[in-house]
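Everything quoted here is computed from the prediction, not taken from an experiment.
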Amino acid sequence: MWSEALIGFFIVVGASFALIGSIGLARLPDFFSRLHGPTKATTLGVGATLVASSVYFSLRGDGLSLHELLIMFFLFITAPVSAHLLAKAALHLHPPRGGDDAGTEL
């Protein structure tokens with residue numbers, strides 16, 4: 001009973017963060033603002049979902065399941081690096097900015 005509640009909690013938290021990140025990606029006004037949605041909230045959402053998966057497969061009786069932790073480690077290493085590279089490329093390409101300061105240079 002407690003394991004199902006724990007797994008359900010991590011799935012709900014993961015889905016909530018993934019939803020918030022996806023809404024941020026779709027709704028925020030410019031490239032630099034939209035970059036935060038998938039790199040922060042969605043990465044945390046995927047991490048919580050992977051924790052739920054790890055707990056589920058560990059409690060099935062097949063032993064400790066650490067595959068998901070390896071995926072999560074790889075995701076947490078690569079997401080900030082890819083966000084940094086996207087931001088650096090955008091600084092050189094000068095994408096259009098939205099919001100109140102639209103049309104101004106960086």
Can you get from [X] to [Y] by hopping between Ile, Leu, Val, Met, Phe, Trp and Tyr side chains that sit under 4.5 Å apart?
X: Leu28; Y: Phe31; answer: no
X: Leu35; Y: Ile20; answer: no
X: Trp2; Y: Tyr56; answer: yes
X: Leu91; Y: Leu93; answer: no
X: Leu75; Y: Phe57; answer: yes

Nearest heavy-atom pair of [X] and [Y]: which atoms, and what distance?
X: Ala90; Y: Phe32; answer: CB-CZ, 3.6 Å
X: Thr43; Y: Ala79; answer: OG1-CB, 3.7 Å
X: Ala83; Y: Thr39; answer: CB-CG2, 3.2 Å

Measure the spacing between [atom1] of [X] and [atom2] of [Y] and express it to the nearest 0.5 Å.
X: Ile7; Y: Ser54; atom1: CD1; atom2: OG; result: 9.5 Å
X: Leu59; Y: Leu6; atom1: CG; atom2: CG; result: 8.0 Å
X: Phe10; Y: Leu50; atom1: CZ; atom2: CG; result: 11.5 Å
X: Leu66; Y: Met72; atom1: CG; atom2: CE; result: 10.0 Å
X: Leu19; Y: Thr42; atom1: CG; atom2: OG1; result: 9.0 Å
X: Glu68; Y: Ser58; atom1: CD; atom2: OG; result: 7.0 Å

ask   = Does the Ser16 side chain pair with the main chain of Val12, one donor and one acceptor, at a distance under 3.5 Å?
value = yes
Between Phe9 and Val13, does the side-chain contact (heavy atoms from CB on, under 4.5 Å) criterion hold? Intermediate values first, please. CA-CA 6 Å; Phe9 171 76; Val13 167; 3.6 Å; yes
- Using a cut-off of 6.0 Å, state whether more than 12 heavy atoms not belonging to Phe76 lie near its atom CZ. yes
